[in-house]
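Worksheet for the structure shown next.
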Protein chains: 2
Amino acid sequence: MNRVFKALSDPTRRRVLQLLRERPMSAGELADHFPVAKATMSAHFAVLREADLIAADKQGKTITYRLRLSVLEDALLAFADSFGIGFPAAAAQPALDKPREESA
Amino acid sequence: MNRVFKALSDPTRRRVLQLLRERPMSAGELADHFPVAKATMSAHFAVLREADLIAADKQGKTITYRLRLSVLEDALLAFADSFGIGFPAAAAQPALDKPREESA
DNA sequence: CTTTCATTTCGATGTTTAGCTAAATGTCGT
DNA sequence: ACGACATTTAGCTAAACATCGAAATGAAAG
């Protein structure tokens with residue numbers, strides 16, 4: 001959970017998650033949305049991966065990242081819950097969030 | 001919003017919020033729960049105050065901090081909302097334009 | 001098999017942050 | 001006014017972090 005919050009503490013990383021909210025994207029495609037070097041973005045991806053907030057699918061030359069919504073959801077819900085903050089009707093459908101692959 | 005997430009990125013600060021969840025506490029009382037110097041805790045309080053997550057009530061010698069739950073709640077809900085977590089009503093509305101984020 | 005492309009890793013640098021001790025501030029009781 | 005108490009501010013260090021350009025990795029294409 002600490003890793004998740006650390007990952008969320010950076011605006012660039014939060015925006016990466018936002019971008020992945022709609023569709024998976026390659027590292028380069030994501031990087032094109034930000035005014036920083038690709039190496040910098042790669043480091044951000046690593047942090048997000050460490051937190052298990054994104055997953056990487058390697059397909060040939062490119063690496064496609066996708067959001068692991070359930071991980072974000074679980075962390076947010078657990079935290080909010082511990083404050084009695086009610087998230088109305090959570091867990092809609094895990095359609096975009098791929099099957100079990102080392103859930104944290 | 002950035003300040004809130006930055007504030008939440010530290011475990012000590014998250015724990016402070018948890019402690020304040022039930023009842024307000026003085027700075028010293030809070031500090032007694034952590035193995036760090038009071039001055040260090042004071043810095044943490046400042047960060048939480050900057051993020052508006054806690055409010056200080058000065059009463060004589062002591063300063064009593066209380067949780068500003070609505071601020072935490074608003075931030076959490078807004079963020080979760082933008083991912084379609086919780087609030088099924090908001091999920092029906094596509095929020096493509098995300099608000100610009102200022103890091104101060 | 002060499003080049004090209006996508007991405008990561010390496011090494012270096014400036015900034016931020018958490019932590020400390022010591023000193024300052026403000027307040028209470030005497 | 002003085003001394004004790006609660007908290008913050010100041011000054012510092014060490015670690016963590018964001019960032020970069022350059023080099024390395026690995027896969028496809030010629």
Side-chain angles (χ1 to χ4, degrees), chain A residues 1-20 23-68 75 102, chain B residues 1-20 23-68 75 100-104:
Chain A
M1 165 154 282
N2 196 33
R3 266 186 248 260
V4 171
F5 276 101
K6 271 280 199 282
L8 293 181
S9 74
D10 187 279
T12 297
R13 288 193 290 262
R14 286 199 303 276
R15 251 188 100 200
V16 167
L17 296 180
Q18 299 270 9
L19 286 170
L20 291 178
R23 64 200 127 90
M25 280 173 135
S26 74
E29 199 175 355
L30 282 168
D32 286 345
H33 288 78
F34 301 87
V36 301
K38 308 251 175 140
T40 302
M41 292 306 296
S42 188
H44 283 308
F45 299 151
V47 172
L48 290 169
R49 242 188 293 111
E50 272 285 308
D52 216 28
L53 286 167
I54 63 175
D57 296 313
K58 192 168 197 173
Q59 39 210 344
K61 260 196 277 201
T62 74
I63 296 182
T64 296
Y65 284 111
R66 70 187 143 84
L67 178 61
R68 301 213 48 191
E102 213 65 59
Chain B
M1 180 139 188
N2 195 34
R3 268 185 245 259
V4 170
F5 276 102
K6 273 277 200 286
L8 292 180
S9 74
D10 185 279
T12 296
R13 288 193 289 263
R14 286 200 303 276
R15 186 104 195 283
V16 167
L17 296 180
Q18 299 270 10
L19 287 172
L20 291 177
R23 57 191 169 95
M25 280 192 205
S26 74
E29 199 177 355
L30 282 168
D32 285 345
H33 288 78
F34 301 87
V36 301
K38 308 247 174 143
T40 302
M41 291 306 295
S42 188
H44 282 307
F45 299 150
V47 172
L48 290 168
R49 243 188 294 111
E50 274 282 310
D52 214 28
L53 286 167
I54 62 176
D57 296 313
K58 191 169 196 171
Q59 42 209 351
K61 259 196 285 195
T62 73
I63 295 182
T64 297
Y65 284 111
R66 73 186 137 84
L67 178 61
R68 304 214 49 195
R100 288 273 168 255
E101 177 120 25
E102 282 306 313
S103 344

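To find a chain, count down the sequence lines: A is the first, B the second, and so on, and within it residues start at 1.
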Mind checking [X] for me? I need base, sugar-phosphate or nothing, with any heavy atom below 4.0 Å counting as a touch.
X     : result
A/T62 : sugar-phosphate
A/Y65 : sugar-phosphate
B/A39 : base
B/A37 : base

Point to revise | A/D32 side, atom CG; A/M41 side, atom CE - distance, nearest 0.5 Å | key: 9.5 Å
**Study point:** Spacing of B/M25 atom CE and B/Y65 atom OH [to the nearest 0.5 Å]
**Key:** 14.0 Å
Rounded to the nearest Å, what distance is computed from the [atom1] atom of residue [X] to the [atom2] atom of nucleotide [N]?
X     : N      : atom1 : atom2 : answer
B/F5  : D/dC17 : CZ    : P     : 18 Å
B/D57 : D/dA6  : CG    : P     : 18 Å
A/N2  : D/dA16 : CG    : P     : 13 Å
B/L30 : D/dT8  : CG    : P     : 10 Å
B/Q59 : C/dC28 : CD    : P     : 11 Å
B/K38 : C/dA24 : NZ    : C1'   : 17 Å
B/D10 : D/dA15 : CG    : C1'   : 14 Å
B/F45 : D/dT8  : CZ    : P     : 7 Å

Review point. Given the rule in the side-chain contact (heavy atoms from CB on, under 4.5 Å) test, do A/L67 and A/V16 qualify, once you have shown the distances and angles that lead to the verdict?
Key: CA-CA 9 Å; A/L67 178 61; A/V16 167; over 6 Å; no
From the options [options], select the nucleotide whose nearest atom is closest to the side chain of [X].
X     : options               : answer
A/S42 : D/dA18, C/dT8, D/dC20 : C/dT8
A/K61 : D/dA27, D/dA18, D/dA6 : D/dA27
A/A27 : C/dG19, C/dT7, D/dT8  : C/dT7
B/K6  : C/dA6, C/dT8, C/dT17  : C/dT17

Taking the side chain from [X] and the backbone from [Y], do they hold a donor-acceptor pair closer than 3.5 Å?
X     : Y     : result
A/R13 : A/K6  : yes
B/R14 : B/L8  : yes
A/R49 : A/I54 : no

Review point. So which one's nearest nucleotide on DNA chain D is more toward 5', B/A46 or A/K58?
Key: B/A46
Short side-chain N/O contact from [X] to OP1 or OP2 of [N], under 4.0 Å:
X     : N      : result
B/T40 : C/dG19 : no
A/R49 : C/dT7  : no
A/S26 : C/dT7  : yes
A/H44 : D/dT19 : yes

